[in-house]
Protein chains: 2
Amino acid sequence: MERHVRLAPEDRAALDGLARQHVRPVAPRQDIVGQHDDPYHTHLILDGWACRYRQFPDGRRAIVSLLLPGDLCDPGVTRRARMDHAIGALTAVTVARIAPDQIGAAVRARPALDECLWLEMRDTTALQREWIASVGRRTAIERLAHLFCELYLRLARVGLADGNTIPMPVTQPDLADALGQTSVHINRTLKALRGAGLIALRGRRLTIHDLDGLMKRGLFDPAYLHLA
Amino acid sequence: MERHVRLAPEDRAALDGLARQHVRPVAPRQDIVGQHDDPYHTHLILDGWACRYRQFPDGRRAIVSLLLPGDLCDPGVTRRARMDHAIGALTAVTVARIAPDQIGAAVRARPALDECLWLEMRDTTALQREWIASVGRRTAIERLAHLFCELYLRLARVGLADGNTIPMPVTQPDLADALGQTSVHINRTLKALRGAGLIALRGRRLTIHDLDGLMKRGLFDPAYLHLA
DNA sequence: GCCGCGCGCTAACCTGCGTTAAGCGACCGC
DNA sequence: GCGGTCGCTTAACGCAGGTTAGCGCGCGGC
């Protein structure tokens, strides 16, 4: 599950151990961690899609990142602080709750895991940077194309792509909040991408007909994902 | 310079040692690290303002974060990877170059520094999240107000605020690229903020007349900065 | 098996911000 | 001291994307 880096079997075993304890299901639209909580646990997404989001007093919502199976919620949470945003389930989700001292112990026992956490962190920040660039400077169609490329590669990395199609369980309003637009415009843009023959989206599944074309349309450069 | 956390004098001394070696001046508008470099060193900003940015083939530029004196460029760079963005000087800058093995050695010698690096990382990601929320869901005037609040508090934290005024050495085109807008509209928005009596901006210095008002205007909640 | 609600989809209209353009002043290099 | 470039400012105009509204459908709850 963790990064494509050298990990001894014992390291994997240690991770497995953490992931198996305290597994918890979360219903769609429920918060995993609330916006003003004093979070104690780190969470590992085992199944389903979640997101970090920030909610403004007037109701506007900004989805700040998407969390897919295999993603770790807050490696740095060990260093405690009040939450400034929330983590919510977009679909039905199952998460593993991991206590900070467990992480600390695991890292001390198996130093390679510390390296893993740093890599995880590095990837997270790279992803966030690309999102800022997207929302800041890409047009509507570029944003959506870019997001689809990103999701495809991230899901493929953890074995959740089925050929050229991936699950796409999020609603159009969700996409809108993630891309800084309205659901109406997301719908228009989807129509355009379909019309261009780049994708098909039906029944919560996205099929990418032309990945190269989609990448070009979204100014997508996979470097930031740090794939193998 | 580093986070407001318990640091033994020896820890500070170790940091100081790193910061004093290989100090280098960088001219305004020059890159500190290029967009496709294979970066070897971490950089610490000692003076001046820099930014991370991503440049698209057609010339569009997205500034993805602002780096102020005291900011560390890439604690995680130890874990090598090709750059997917660039770091550039906005003003004349002086940076300290720090080799990865120096960081490694320092961390092993003084474990408290590892904690520092994690905190730095935590703050960086929180900042990036807030920027995504800004560009995604805040209006032009809210974005600018929010950015000014953020910069004021970040500079005050390192002793660079002079009462209610701070240096503001960046151009309007720079602000535009940081906030995902055009310089023309930045100019309009500045006029509005001035007109509302919230700020004054003259000669590369920003005076905040009404911090509370500015915070309200920018939907600013300082929680994400993790101040004392 | 029915009801209600949320989502997908579309259309018509509106506006915040982008675009283009132009004048002016400060700074820089020669 | 002079010309060129870049940033600031404003104005006029255009458009990408927001807003509002309305319909149909699928799904979950009871």
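To find a chain, count down the sequence lines: A is the first, B the second, and so on, and within it residues start at 1. All values below come from the heavy atoms of this structure, side chains included, with hydrogens, waters and symmetry mates left out.
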Do Asp174(B) and Arg61(B) meet the salt-bridge criterion of a basic N to acidic O distance under 4.0 Å?
yes
Does CZ in Arg202(A) sit with more than 12 non-hydrogen atoms of other residues, nucleotides or ligands closer than 6.0 Å?
no
When you measure from the side chain of Gln35(A) to the backbone of Met83(A), do you find a donor-acceptor pair of N or O atoms at a distance under 3.5 Å?
no
Near Arg20(B) CZ, under 6.0 Å, is it more than 12 heavy atoms from other residues, nucleotides or ligands?
no
At how many degrees, to 10°, do the end axes of the helix from dG1(C)-dC30(D) to dC30(C)-dG1(D) meet when each uses five pairs?
60°
Rounding to a whole Å, what distance do you find between Ile186(B):CD1 and dT19(C):P?
13 Å
Give the B/S/- string for nucleotides 5-16 of chain C, one per nucleotide from 5' to 3', where a protein heavy atom under 4.0 Å of the base yields B, of only the sugar-phosphate yields S, and otherwise -.
--SSBBBB----
Nucleotide dG17(D), atom P - distance to CG of Leu175(A) in whole Å
15 Å
Check whether any side-chain heavy atom of Leu219(B) sits under 4.5 Å from a side-chain heavy atom of His146(B), and report yes or no.
no
Side chain Arg154(A), main chain Leu225(A), donor-acceptor under 3.5 Å
no
Send over the distance from Met168(B) CE to dG7(D) P, rounded to a whole Å.
17 Å
Has the side chain of Arg143(B) got a donor or acceptor atom that lies under 3.5 Å from a matching backbone atom of Arg138(B)?
yes
